[in-house]
2 protein chains.
Amino acid sequence: MTLEEQLKQKEFKTKRQRAYLNVVYTASVLNLEQTRLFKPFGLSLQQYNVLRILRGQNGTPVSIGLIQERMLDIQSNASRLIDKLEDKKLVIRKVCPNDKRQMEITITHEGLKVLLELDTVIASNESNIQLTDGEADMLNDLLNKLRENQKSK
Amino acid sequence: MTLEEQLKQKEFKTKRQRAYLNVVYTASVLNLEQTRLFKPFGLSLQQYNVLRILRGQNGTPVSIGLIQERMLDIQSNASRLIDKLEDKKLVIRKVCPNDKRQMEITITHEGLKVLLELDTVIASNESNIQLTDGEADMLNDLLNKLRENQKSK
DNA sequence: GCAAATTATATGTATATACATACAATTTGC
DNA sequence: GCAAATTGTATGTATATACATATAATTTGC
């Protein structure tokens with residue numbers, strides 16, 4: 001479905017506006033899709049992202065701040081996400097002995113197990129993307145350019 | 001800032017994965033930017049979108065369902081958005097006499113006034129986008145292609 | 001013409017973001 | 001070495017999404 005069909009709109013004021021709205025719309029489609037993918041595993045998209053970041057550390061504990069920094073979503077609230085993951089026993093939260101303000105978060109064996117299950121599901125979903133390598137590169141470059149000179153944080 | 005810098009990640013498994021994440025990330029940047037733009041006017045991004053849809057009807061009342069259909073965000077909750085706009089006296093909600101299940105939503109004079117103020121702000125923001133018409137078209141096509149064969153709604 | 005199905009909207013719950021603020025622990029500037 | 005500033009995390013509030021369910025009004029099938 002094209003953007004015009006979805007929005008039931010005949011035309012846009014500018015081509016840039018159409019591209020802009022298409023980015024936002026496409027992201028919401030992709031997000032919804034991923035959310036549904038994760039649902040059977042009892043994980044939200046953001047909870048999954050946190051687990052991925054933790055796995056990437058290979059056992060080294062990670063602070064809340066570092067998780068926050070690496071989240072795709074700007075200004076998400078890592079503290080509360082960790083709460084949920086802790087409830088599910090997928091991560092462990094310990095006060096850092098060197099700096100009692102900091103928390104040391106590590107992924108549990110159980111957390112790694114869930115991630116492993118999800119890897120396959122995600123990979124098969126991503127293989128549905130119809131872009132060639134060249135197209136993917138081009139899309140990537142255009143998005144980087146779109147963000148240029150935008151004054152957001 | 002490139003996606004790699006933002007995510008502090010050296011490489012992605014596939015170019016498609018990088019493009020995919022870049023769409024999601026870019027959209028969150030754009031959304032945040034717009035949200036901040038609207039904040040001084042006491043409107044959220046979604047509330048603004050609803051007002052835009054209503055203005056597009058040139059005074060013809062619109063049902064909740066039609067608003068829902070036209071929202072960029074799939075499965076958003078138009079009913080509650082209208083609540084907020086009604087509280088602010090920017091829209092009027094009346095029961096449709098022909099079909100008492102339906103609501104007839106119209107934008108108020110005050111609502112139109114707020115939109116008018118916002119038009120300038122939005123236009124100036126969109127003029128910061130660094131894409132040429134050709135690039136915008138290409139981006140649009142690539143996004144449409146990315147969504148193809150995705151099984152979401 | 002009435003029961004059953006459908007439609008339009010509303011509402012409850014869980015999750016998440018954005019922002020402001022709070023608060024304790026640590027670092028700094030003198 | 002102590003007050004002031006900064007840092008790391010938590011929490012409160014408003015907004016929004018996603019989903020399930022509820023309810024009233026309308027349409028349909030017989």
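Here is how names work: the chains are called A, B, and so on, in the same order as the sequence lines, proteins then strands, and each is numbered from 1. Everything quoted here is computed from the prediction, not taken from an experiment.
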How would you label the contact of Asn49(B) with the nucleic acid (heavy atoms, under 4.0 Å): base, sugar-phosphate, or nothing?
-> nothing
Is a side-chain donor-acceptor pair under 3.5 Å present for Lys84(B) with Gln46(B)?
-> no
Salt-bridge contact Lys15(B)-Asp133(A) (side-chain N to carboxylate O under 4.0 Å) = no
Calculate the interatomic distance between Gln102(A) atom CD and dC23(C) atom C1'; express it in whole Å.
-> 16 Å
In terms of the nearest nucleotide of DNA chain D, which residue is placed more toward the 5' end: Asn77(A) or Asp99(A)?
-> Asp99(A)
By a strict heavy-atom criterion of less than 4.0 Å, which residues belonging to residues 78-88 of chain B are in contact with DNA chain C?
-> Ser79(B), Arg80(B)
CZ of Phe38(B) versus P of dA18(C): gap in Å, rounded?
-> 15 Å
ring-ring contact (aromatic ring centres under 6.0 Å, His included) contacts touching residues 81-136 of chain B (sequence neighbours left out) = none
Round to the nearest Å and state the distance from Lys100(A) atom NZ to dT9(D) atom C1'.
-> 16 Å
On DNA chain C, more 5' by nearest nucleotide between Cys96(A) and Gln47(A) is Gln47(A)
Scanning both residues in full, the closest heavy-atom pair of Leu51(A) with Leu115(A) reads O-CD1, 3.5 Å
Without swapping roles, check the side chain of Thr108(A) against the backbone of Leu90(A) for a donor-acceptor pair under 3.5 Å.
-> yes
In whole Å, what is the span from the CD atom of Glu33(B) to the P atom of dA18(C)?
-> 13 Å
Please determine if a side-chain N or O atom of Gln46(B) lies less than 4.0 Å away from the OP1 or OP2 oxygen of dT15(D).
-> no
Classify the side chain of Arg101(A) and the base of dT9(D) as holding, or not holding, a donor-acceptor pair under 3.5 Å.
-> no
Leu30(A) CG - dA18(D) P separation (whole Å) = 13 Å
Please report the shortest heavy-atom distance between Ala19(B) and Ala136(A), naming the atom on each side.
-> CB-O, 3.7 Å
Euclidean distance, atom CG of residue Asn98(B) to atom P of dT7(C) [Å, nearest integer] | 19 Å
Would you call Asp119(A) and Lys13(B) a salt bridge, taking side-chain N to carboxylate O under 4.0 Å as the test?
-> no
Which heavy-atom pair separates Leu85(A) from Val50(A) by the least distance, and what is that distance?
-> CD1-CG1, 3.6 Å
May I have the distance from Gln68(B) (atom CD) to dA10(C) (atom P), rounded to whole angstrom?
-> 11 Å
Shortest non-hydrogen contact between Leu30(B) and Leu146(A), atoms and distance | CD1-CD2, 4.1 Å
What nitrogen or oxygen pairs link the protein and nucleotides 2-5 of chain C at under 3.5 Å?
none

Specify the residue among Leu45(A) and Arg93(B) whose closest nucleotide of DNA chain C lies further upstream toward the 5′ end.
-> Arg93(B)
Between atom CG in Leu32(B) and atom P in dT15(D), what is the gap in whole Å?
-> 17 Å
Nucleotide nearest Met103(B) when distance is taken to its side chain, options dA10(C), dA25(D), dT15(D) | dA10(C)
Consider only side-chain N and O atoms of Arg147(B) and Asn22(A), and report whether a donor and an acceptor are under 3.5 Å apart.
-> yes
At their closest point, which heavy atom of Gln68(A) faces which heavy atom of Ala78(A), and how far apart are they?
-> OE1-N, 3.0 Å
Can you name the residues that form a salt bridge (charged side-chain N to carboxylate O under 4.0 Å, His left out) with Glu135(B), not counting sequence neighbours?
-> Lys145(A)
Which heavy-atom pair separates Val91(B) from Glu86(B) by the least distance, and what is that distance?
-> CG2-N, 3.7 Å
May I ask you to list the residues of residues 59-67 of chain A, by number, that have any heavy atom positioned under 4.0 Å from an atom of DNA chain D?
-> Ser63(A), Ile64(A), Gly65(A)
Check whether the side chains of Arg52(A) and Tyr48(A) place a donor and an acceptor atom closer than 3.5 Å, and report yes or no.
-> yes
With a 4.0 Å cut-off, would you call Lys89(A) and Glu110(A) a salt bridge?
-> no
Pairing string, 5' to 3', for DNA chain C - Watson-Crick or wobble contacts under 3.5 Å, brackets [ ] where pairs cross, | to another strand | ||||||||||||||||||||||||||||||
